[in-house]
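What follows is a short report on a single structure.
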Amino acid sequence: MVNPLWKNTEIRKQLKIVTKETAPDLVLTNATYLHGIFKKWMTGNIWIADDRIVYAGKEMPKVDASTEVADMTGKYIVPGYIEPHVHPSQLYNPISFADHAAQGGTTMFLSDNLTLFLALENEKAFSLLDQMAELPFSFYWWTRFDSQTELNEEDRLFTSKSVGEWLDRQDVLLGGELTGWPKLMAGDDQMLYWIQKAKMGLKKIEGHFPGASEKTLARMRLLGADGDHEAMTVDEVEMRLLHGYGVTLRHSSIRPDLPHLLKGIVERELNVFDKLMMTTDGSTPAFHLDGVMDLCIKIALEAGVPAIDAYMMASYNVARYYNVTSLHGLIATGRYANLNILDTLENPVPSGVISKGVWLKKDGEKVLSLPDIDWSIFPDLEIDYKLTDDDFQFSMPFGIEMVNDVITKPYSVSVDTHDSNLSKTHDESFLMLIDKKGKWRVNTLIKGFAPGLDGFASSYTTTGDIILIGKNREDMWIAFNELKRLKGGIILTENGEIIESLPLPYGGVMSDLPMEQLIVQEQALKKALKERGYKHGDAVYTLLFLQATHLPYVRVTQKGIYDVMNKKILFPAFMR
């Protein structure tokens, strides 16, 4: 991987800048900047050479014709915002999301590796990470210890060698999130070994404990969990802090909890803001029209959080928790030059953004897009089989009913599944999960998805396998064939025609479009689904979590229909 430290020659050059023998590349003069250690606003000048702050204080450097000098009088400068819990492939890809986030001041991600881990051998995945490390944005990662579903080959994928290679990387700062924690608590020593290895490397372990009791939190803390982002009430925040957890407050497209959590923390006068972080937790594209970490800071300010605390919850607090304050979260000598220039403290959307010493936004205008990387090593979704009439056999005695956009429970099927067209007077539809390689399928019915939907296909799933939904088998077939032609995407069909199409050319799970264009496609798709009866919060998350065995109560997986609570396969997958 790319070594994050500076070469000897670079450091010697930086020393000469401090002694005023040579000039820096950029100087921000008359700067009022937030210092995370003092928790105060300081005044002075910030010297930047290449991607590093070489000095921040009262002195002025040597200035020559090559030096850019920017007067910051009347501005406030804060560290670049850090998103500590990113799922970087929620239709977007890591680069397109980072490019969008950076315009709101978020210049560092801690990202989930699951998509890369499942799709690529480590060597190829690491080559992508190394390319990202060269960009004017700070990418860090966490490594999964489980797949959050039932995979046919989980033991072959999640090995001590494969997981260990991720943990050995310097840009992997944590392990988790522990969606498979019940297995750990039940005696999974392999997962415990990985946790211990992470601890030996001074890395954090992130939990996934929605609704967990105090007893569960205490036991998981003993097993090695350091933090959790699943608190949904102020009482749950307090309980996690009581047991020494790092607490990340969430504001996402399916759990917009941050306003009421912060309101409660302020009302109770807990004074724990220096122990808190914030995240948008993998929200879908259109949610980010309102921002990323800049949105979280805005919510914090509106909830009555003091301004310095609000900004530190999205910068210094994160860097301190993950042991990277030597590089991030602090405006001081030796750190990466990740700086946001604010016109007022009340508006966290910066008018200027400097990331690794590079202007990405200046005077309120975008001046640089992040360059893309070479995605050619990411495998295309090549579907080399055809559906047959036999694939459309639905004879399950029970189906999957949607309680909300992500929770599903079993129900008794009440319609005749032999008819190739289901009536739109009820809310039951055909549901098929089919192997992207064509080896197996799982057929059942889904209740409450969209009763007016004829045909629908998606390769956007937890595992990249194909989901088909609809009332009309012919339209489902057409949607599948279009998905096959596109090599991945989300397709909606009706009366034999394609109504909406959202291509996902990177492995069938990620778009290659800039966020602005992707958001238009996502909004059109969601509008079409809503018009056909989808009544829940986020249809994209429904597609992602139909396989997710960390949620109750029944899931459709590679192994078949899975009972989450009893941890068993109710009906196995059919071999094709």
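Everything quoted here is computed from the prediction, not taken from an experiment. Position 1 is the first residue of the sequence; numbering continues from there.
In this view, S162 and T159 satisfy the side chain to side chain donor-acceptor pair (under 3.5 Å) rule, not counting sequence neighbours. Applying the side-chain contact (heavy atoms from CB on, under 4.5 Å) rule to K436 yields the partners L381, D465; only residues at least two apart in sequence or on another chain are considered. The side chain to side chain donor-acceptor pair (under 3.5 Å) search around H100 returns none, not counting sequence neighbours. Checked against side chain to side chain donor-acceptor pair (under 3.5 Å), E382 has the following partners two or more places apart in sequence or in another chain: K487.
Between the NZ atom of K447 and the CG atom of L431 there is a distance of 14.5 Å, given to the nearest 0.5 Å. Y411 contributes atom OH, which lies 4.5 Å from atom CG of L445 (distance to the nearest 0.5 angstrom). Taken from CZ in F209 to CD in E230, the straight-line distance is 9.5 Å, to the nearest 0.5 Å. The line from CG of D146 to CH2 of W194 is 8.5 Å long, rounded to the nearest 0.5 Å. Atom CG in D294 sits 8.0 Å away from atom SG in C296 (nearest 0.5 Å). Between the NE2 atom in H208 and the CG atom in L178 there is a gap of 10.0 Å [rounded to 0.5 Å].
Of all the heavy atoms in F398 and T444, the pair that sits closest is O-OG1, 3.2 Å. In this structure, Q190 and S160 approach most closely via the heavy-atom pair NE2-OG, 3.9 Å. Smallest separation of non-hydrogen atoms from A286 and E522: N-OE1, 2.6 Å. For the residue pair S253 and Y541, the shortest heavy atom distance occurs at OG-CE1, 3.7 Å. Across T284 and K526, no two heavy atoms sit closer than the pair OG1-NZ, 3.3 Å. For the residue pair T557 and V442, the shortest heavy atom distance occurs at O-CG2, 3.5 Å.
Residues T280 and E83 have side chains that bring a donor and an acceptor to within less than 3.5 angstrom of each other. Donor-acceptor pairing under 3.5 Å is recorded for the side chains of H85 and E177. Between the side chains of Y321 and T248, not a single donor N or O lies within less than 3.5 Å of an accepting N or O. E428 and S414 are linked by a side-chain donor-acceptor pair at a separation below 3.5 angstrom, with hydrogens and angles left out of the test.
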Q: Verify side-chain contact (heavy atoms from CB on, under 4.5 Å) between I519 and E516, making sure each step is shown before the conclusion.
A: CA-CA 5 Å; I519 286 169; E516 294 76 15; 5.9 Å; no

Q: For the pair V556 and I446, evaluate side-chain contact (heavy atoms from CB on, under 4.5 Å) and give the outcome as yes or no after the intermediate values.
A: CA-CA 10 Å; V556 55; I446 186 168; over 6 Å; no

Q: Would you check, one step at a time, whether the test side-chain contact (heavy atoms from CB on, under 4.5 Å) holds for L546 with I467?
A: CA-CA 9 Å; L546 277 173; I467 284 176; 3.7 Å; yes

Q) Where do V292 and V86 land on the side-chain contact (heavy atoms from CB on, under 4.5 Å) test, with the steps shown first? A) CA-CA 10 Å; V292 186; V86 177; over 6 Å; no

Q | Test salt bridge (charged side-chain N to carboxylate O under 4.0 Å, His left out) applied to K197 and D168, step by step | A | CA-CA 9 Å; K197 179 177 174 62; D168 287 339; 3.1 Å; yes

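Within 6.0 Å of CD in E531 there are more than 12 heavy atoms belonging to other residues, nucleotides or ligands. Atom NZ of K527 is surrounded by 12 or fewer heavy atoms from other residues, nucleotides or ligands within 6.0 Å. Within 6.0 Å of CG on D374 lie more than 12 heavy atoms contributed by other residues, nucleotides or ligands. Counting non-hydrogen atoms of other residues, nucleotides and ligands closer than 6.0 Å to CD of E165 gives a total above 12.
No donor-acceptor pair under 3.5 Å is formed between the side chain of D563 and the backbone N or O of K568. Of the possible donor and acceptor atoms, none in the side chain of D391 sits under 3.5 Å from a partner among the backbone N and O of D389. Without hydrogens or angle criteria, T408 side chain to V554 main chain gives a donor-acceptor distance under 3.5 Å. Between the side chain of S459 and the main chain of G489, a donor-acceptor pair closer than 3.5 Å is present. Side-chain atoms of Q558 come within 3.5 Å of backbone atoms of N152 as a donor-acceptor pair (strictly under, hydrogens ignored). Judged by distance alone, with hydrogens and angles left aside, the side-chain atoms of W142 form a donor-acceptor pair with the main-chain N or O of G176 at under 3.5 Å. Between the side chain of Q547 and the backbone N or O of T462 there is at least one donor-acceptor pair closer than 3.5 Å. Using modelled atom types, no side-chain atom of D405 and backbone atom of A539 make a donor-acceptor pair closer than 3.5 Å. In this structure a side-chain-to-backbone donor-acceptor pair under 3.5 Å is present from R240 to E236. A distance-only check finds a donor-acceptor pair linking the side chain of K203 to the backbone of V172 [under 3.5 Å].
Q523 is listed as a side-chain neighbour of L289, based on a closest heavy-atom distance under 4.5 Å. Put simply, the side chain of L468 reaches to within 4.5 Å of the side chain of L387, judged on heavy atoms. In this structure the side chain of I254 never reaches within 4.5 angstrom of the side chain of N404, judged on heavy atoms. Looking at heavy atoms from C-beta onward, K409 lies out of side-chain contact with M402 at the 4.5 angstrom threshold. Considering only heavy atoms from C-beta on, T493 stays 4.5 Å or farther from E482 through its side chain. A heavy-atom distance below 4.5 Å is not found between the side chains of H87 and L114. Counting heavy atoms from C-beta on, the side chains of T143 and R169 never come closer than 4.5 Å. Looking only at side-chain heavy atoms (C-beta outward), H229 and E206 come within less than 4.5 Å of each other.
By the 6.0 Å and 45° rule, R555 does not stack over the aromatic ring of Y562.
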Would you list the atom pairs, donor with acceptor, under 3.5 Å between side chains in residues 498-509 and any protein atom, with sequence neighbours excluded?
none

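Close placement of the F97 and F109 rings is indicated, their centers lying within 6.0 Å of each other. With ring centers used as reference points, F430 lies 6.0 Å or more from F392. In summary, the aromatic rings of H550 and W181 are positioned with their centroids too far apart to meet the 6.0 Å limit. Side-chain rings of Y385 and F480 approach one another, their centers coming within less than 6.0 Å.
Taking the six-membered ring for Trp and thresholds of 30 and 60 degrees, W375 and F378 have ring planes more than 60 degrees apart, a perpendicular arrangement.
Legend: ring pair (Phe, Tyr, Trp, His ring centres under 6.0 Å) pairs involving residues 451-476, not counting sequence neighbours, sorted by first then second residue: F449-F456.
When each of R532, R473, K424 is tested with D454 by the rule salt bridge (Lys or Arg N to Asp or Glu O under 4.0 Å), just one qualifies, namely K424. Screening D226, L217, V237 for a side-chain contact (heavy atoms from CB on, under 4.5 Å) with Y245, the sole residue that qualifies is L217.
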